[in-house]
Each structure stands twice: as structure tokens, then as C-alpha cells.
Amino acid sequence: MVEFQAPKGVPEYYPPRSSAFLSVRDALAYPARHAGYEYIELPVFEDTALFVRGVGESTDVVSKEMYTFTDRGDRSLSLRPEGTAGVMRSIVENRLDKGPLPVKLWYAGPFFRAERPQHGRYRQLQQVGIEAVGGDDPALDAEVIALADEGYRRLGLQKYRLDLTSLGCAQCRPAYRALLTSFLVGLELDEPTRARAHVNPLRVLDDKRTEVIDQLVGAPLMVDHLCEACGEHYNSVRSFLADAGVRWTEAPRLVRGLDYYTRTTFEFTHELLGAQSGIGGGGRYDGLMESVGGGSLSGIGFGLGTDRTLLACEAEGLDVASRPRLDVFVVPIGNLARHVSVGLLAELRAAGVRVDMAYGERGLKGSMKAADKSGAPLVVIIGDDEVAAQVVQVKDMQQGTQQSISRQMVVDEIRRSIVEETQ
RNA sequence: GUGGGUGUAGCUCAGCUGGUAGAGCGCCGCGUUGUGGUCGCGGAUGCCGCGGGUUCAAGUCCCGUCACUCACCCCA
């Protein structure tokens with residue numbers, strides 16, 4: 001048994017899977033980056049009060065899942081459980097909301113929740129997120145959702161679904177909430193569920209137990225009680241989504257665990273992931289910025305789970321990191337050749353070629369084995385004969401063919417063959 | 001936080017009713033002169049998760065503990 005282990009529930013990504021993790025993260029961020037969203041790097045911990053006020057005191061995330069600690073200045077800080085509140089804080093603090101609107105940002109990194117770990121649920125989770133702040137144009141909602149969808153599509157994912165609904169606003173939700181509450185009090189519910197209904201009646205709607213679901217058949221739904229403005233907004237969002245070519249499922253019982261969501265709300269789930277099926281989600285938040293001390297700008301955003309998306313790719317058998325890690329592997333024979341090789345390595349790297357060489361005295365056979373395992377399609381072999389003749393041997397590992405190329409020409413030759421291959 | 005399952009070589013796992021550890025894969029080496037993958041041969045590696053108990057004897061039974069895992073809950 002090893003002396004030290006990574007903290008409970010914290011996933012690590014090491015080779016070879018780490019390259020797949022990077023590919024997933026990049027694929028999820030790509031659509032937003034190419035839609036003009038700019039990068040924002042945020043603190044991993046913030047003032048605890050930011051999350052309490054922003055995310056909501058009654059949420060499970062804040063009430064029992066935060067890693068909270070006191071620093072040496074006696075300040076209460078918490079590892080961020082989600083990204084949106086921090087983005088809002090930064091926008092307000094750095095006056096980004098005084099510039100052109102909407103402010104469009106993307107971020108990626110770790111978030112922390114002190115939950116019981118299980119497949120796809122981690123205490124340190126990785127997310128890629130975007131926020132579009134300072135606009136309530138329903139086309140913006142559609143854009144955000146479409147960018148998430150495109151990320152999953154880029155990876156080749158197929159067995160996922162987009163659930164969509166509207167949670168109304170400060171105008172219409174309170175009345176609906178009262179209606180739902182009066183409906184719920186008439187049901188046969190156990191104590192924890194009653195408590196939940198008291199804290200947030202909406203949350204009872206997505207209960208998974210059949211005995212609860214059966215009782216919810218006639219429950220009033222938010223989408224049937226939207227005010228005129230929210231109803232119109234939601235219709236427009238759906239219309240723009242259709243224009244964007246995104247397919248969704250109406251999910252009138254969709255509820256999210258964070259209090260700030262209003263109007264458009266969505267979640268992506270993958271069918272092969274078991275209990276932790278949510279691979280991404282998000283929605284509109286109209287009052288969030290005000291609640292953290294900013295102006296009354298509304299926004300919309302999403303958080304996509306990098307860990308779970310990777311699991312989803314693996315569940316679908318997708319090879320998300322098929323590109324070899326190297327273009328060339330150099331095999332020197334003898335000390336003289338090692339000097340030539342080091343020089344060649346520098347030139348190749350400067351030319352943008354991804355290259356490694358056989359270090360250590362392994363002998364030609366061992367070096368060739370290492371070359372094979374490196375996955376590089378080309379191997380450059382240099383021995384005394386080659387040094388004397390000022391050439392190198394370039395071997396195509398797949399074909400098994402080999403040709404002698406002059407030392408002078410070899411960098412250009414290799415670069416050319418790589419360009420051809422990537423076309 | 002609440003339940004269930006599992007913990008044996010780097011990995012996947014076998015080890016029947018208790019008698020001092022095995023396979024496949026991987027790794028390293030060899031198959032003579034400067035060439036990988038296939039094949040053949042050889043080799044290294046285990047406090048059998050940890051602690052206690054029962055027993056002449058425990059990987060094997062009992063208790064505890066830790067870790068992992070699945071579900072609830074929650075969510076990415």
C-alpha cells in the first residue's frame with residue numbers, strides 16, 4: 001500500500017487518459033472560443049458570503065457541500081462549488097459591465113463539492129463554462145445552448161439529450177410556487193421530502209421514486225403559469241433554437257439545484273452514465289448580479305462537466321485522443337550520433353515538429369522498441385556511418401520502409417511529410 | 001449523510017469445503033554483426049488493503065477500520 005493517496009473523491013488524469021481529458025476540455029471550449037467568447041481566469045476560492053448570497057443559502061451545494069475554511073486574517077473563504085457567482089463578482093469588481101454588452105466569457109477549471117463520491121461524482125470536478133451577461137435577448141439563450149450542444153457533437157457524442165424548460169421570473173414564479181405548495185401539502189410524502197417541499201417545492205417535482213411520481217401526475221407546472229413576458233420569451237427561445245438546428249425535449253419538471261436560475265433552464269444528460277447522468281446544464285439568471293452587489297444585468301450561461309463528458313465518450317467507445325503524441329522519434333547509435341541527434345532535435349522542434357529521442361544507453365534494439373512504443377510514425381536513425389556520410393536514415397514505421405536522406409535536407413523533408421499527413 | 005458490494009503482482013482476475021500464492025496481459029532480457037511490431041525462450045515484482053480475533057495452521061472464518069465501488073441523496 002502506498003503511503004500517500006490523493007484525497008478521497010478527487011480524480012486524477014495521467015497518461016494515457018490525460019490526453020483524452022485535454023481533448024474533451026478543448027472540444028467543449030472550442031465552440032465558445034470561436035463564437036467570440038473571451039477567457040476569464042478566476043480564483044479557486046472566494047469569500048464564502050459570495051456563494052451564500054449568489055448560489056443561495058437553501059441549496060444543498062451551499063448548505064452542506066462547500067469546503068469552507070478560515071484564513072489567517074479570520075476571513076471565511078470557500079473553495080468554489082460552481083463558476084457563475086465568481087464570474088459575476090469579477091464582472092462587477094472589474095467593471096466589465098461598463099464595456100460593450102453582452103459580456104461574453106468562458107472559463108475552465110476545478111470546482112469543489114464535499115459529496116459522497118461515486119461514478120461520475122467527484123469532490124473535485126472539472127467544468128468548462130460560459131456566461132453571456134447583459135442581455136435578455138432570447139437569441140442569446142439559444143446561442144448559449146447551441147454552443148454547449150456543438151461541444152458534445154464535436155466529440156462525436158450521440159447518446160445524450162437536451163432537456164429544456166422555463167422557470168419563470170420574479171413576477172410569475174411566487175404565485176406558481178404558492179400553487180405548487182398547496183398541491184404538495186395534500187400528498188402523502190415522507191419527512192425528508194416534506195422538508196424539501198418547504199425549502200424549495202420545485203425540487204420535489206424531479207423526485208425519482210415512483211410512489212412520489214405517481215402522486216405528481218396532476219401537479220401544476222411552471223410552464224403553464226408563466227407570465228406573458230416569460231411565455232413570449234420562452235417561445236422565442238424555442239424558435240431560435242430550432243433555427244440553430246438544436247433538438248431538445250420539453251422537460252416541464254426540470255429543476256436545477258442552484259437558486260439563481262430564472263426563465264430558460266436546461267440540462268444535458270447522457271444515457272450511458274448511470275445515476276450521475278448530467279453532463280452539463282445551465283440557464284438564465286436575472287437577479288444574480290444584483291444579489292452580489294452589481295447592477296441589474298441579466299445573463300445566461302452553462303457549466304459542462306469535463307469529467308462526465310469524458311466518461312460519456314468512453315461509454316460510447318469514442319476515441320477522443322487518437323492523434324499520436326509525437327511525429328518523430330530519433331534513435332542515435334553511439335556517442336557521436338548522440339551529439340548529432342541533439343542538434344537535429346533542436347532544429348526539428350524549432351520547425352514545429354513534435355519529436356523525442358532515445359535517451360540512455362539502450363542499444364539499437366532497445367531504442368527501436370522505445371521508438372515503436374512512442375507511437376511516432378517516423379523514426380530517424382543515426383549511426384557512425386550516417387554521421388560520416390552526413391545523412392540520416394528515416395524509417396516509416398507503418399510501412400517498414402527506410403530511406404537515406406541528407407542531414408541538410410532532413411528537417412524540410414520531415415516537415416513536408418507531416419504537413420501532407422495532417423491535410 | 002444512509003444502505004449494498006468489493007479489496008490477491010503495474011493491470012484484469014483465479015485461488016474448491018482453512019495447510020506458508022497462480023494465470024493472462026504488461027514490463028525487462030535473450031534469439032550473435034546497426035533496426036520496432038509477430039513468434040519462441042528466460043526473468044523480476046506480492047507485508048493476499050490495514051488492525052485485531054478464532055485455530056496447531058488464515059488469502060481463505062469472525063470483528064473492526066480504511067479505500068474503492070454501486071444506489072439513495074445531490075448534481076457537472
Is a side-chain donor or acceptor of A:E131 paired with a backbone partner of A:V133 at a separation under 3.5 angstrom? no

What's the gap between B:rC48 and B:rU38 when it is taken at their C1' atoms, as a whole Å value? 35 Å

Regarding B:rC73, can its base be found pairing with the side chain of A:R121 as donor and acceptor, where the two atoms are less than 3.5 Å apart? yes

Between B:rG59 and B:rU55, how far apart are the C1' atoms? Round to whole Å, please. 16 Å

Do any N or O atoms from the side chain of A:R121 and from the backbone of A:R116 form a donor-acceptor pair under 3.5 angstrom? yes

Please classify the nucleic acid contact of A:Q127 as base, sugar-phosphate, or nothing, using heavy-atom distances under 4.0 Å. sugar-phosphate

Mind checking if A:D60 touches a base, just sugar-phosphate, or nothing, with heavy atoms under 4.0 Å? sugar-phosphate

Phosphate OP1/OP2 of B:rG36: any A:K395 side-chain N/O under 4.0 Å: no

Heavy atoms only, 4.0 Å cut-off, all strands: where does A:G120 land among base, sugar-phosphate and nothing? base

Under a 3.5 Å cut-off for both contacts, is B:rU32 paired Watson-Crick or G-U wobble with anything, and if yes, with which nucleotide? none

Have a look at A:G400 and say if it touches a base, only the backbone sugar-phosphate, or nothing, with a 4.0 Å heavy-atom cut-off. base

At less than 4.0 Å, is any side-chain N or O atom of A:R196 found next to OP1 or OP2 of B:rC73? Yes or no. no

Using a cut-off of 4.0 Å on non-hydrogen atoms, how would the nucleic acid contact of A:K373 be classed: base, sugar-phosphate, or nothing? sugar-phosphate

Should A:R256 be listed as having a side-chain N or O under 4.0 Å from OP1 or OP2 of B:rA76? yes

Over 60° means perpendicular and under 30° means parallel, so classify the ring planes of A:Y260 and A:Y285, tilted if in between. perpendicular

Does B:rG1 have a Watson-Crick or wobble partner in any strand here, with both distances under 3.5 angstrom, and which is it? B:rC72

Does B:rC70 have OP1 or OP2 sitting under 4.0 Å from an N or O in the side chain of A:H119? yes

Using the P atom as the reference point in each nucleotide, state the distance between B:rG10 and B:rC47 in Å, no decimals. 7 Å

When both distances are under 3.5 Å in a Watson-Crick or G-U wobble arrangement, the nucleotide paired with B:rG26 is none

Any base atoms under 4.0 Å from A:Q126, or only sugar-phosphate, or nothing? Heavy atoms, all strands. nothing

Select from A:R116 and A:G281 the residue whose nearest nucleotide in RNA chain B is closer to the 5' end of that strand. A:R116

Touch check for A:I279, heavy atoms < 4.0 angstrom, all strands: base, sugar-phosphate only, or nothing? sugar-phosphate

From B:rG34, B:rA76, B:rG36, pick the nucleotide closest to the side chain of A:D372? B:rG36

Under 3.5 Å for both donor-acceptor distances, Watson-Crick or wobble: does B:rA67 have a partner, and if so which one? B:rU6

Under a 3.5 Å threshold, yes or no: a donor from one side chain and an acceptor from the other, between A:Q158 and A:E316? no

Can you see if the side chain of A:Q402 gets near the phosphate of B:rU35 - specifically, an N or O under 4.0 Å from OP1 or OP2? no

Watson-Crick or G-U wobble mate for B:rG46, both contacts under 3.5 Å: none

Using distance alone, with no hydrogens and no angle criterion, decide if A:Y176 and A:D224 have a side-chain donor and acceptor under 3.5 Å apart. no

B:rG34 base to A:E386 side chain: any donor-acceptor pair below 3.5 Å? yes

Decide yes or no, distance alone: a donor-acceptor N/O pair under 3.5 angstrom between the base of B:rA76 and the side-chain of A:E115. yes

Pair of N/O donor and acceptor under 3.5 Å linking B:rG37 base with A:K369 side chain: no

Using a 4.0 Å heavy-atom cut-off, does A:Y122 contact any base of the nucleic acid, only the sugar-phosphate backbone, or nothing at all? base

Under-3.5 Å donor-acceptor pair between A:Q393 side chain and B:rU35 base: no

Give me the ring orientation class for A:F45 and A:F69: parallel if the planes are under 30° apart, tilted from 30 to 60°, perpendicular past 60°. perpendicular

Flag for A:Q124-A:Y67: side-chain donor and acceptor within less than 3.5 Å: no

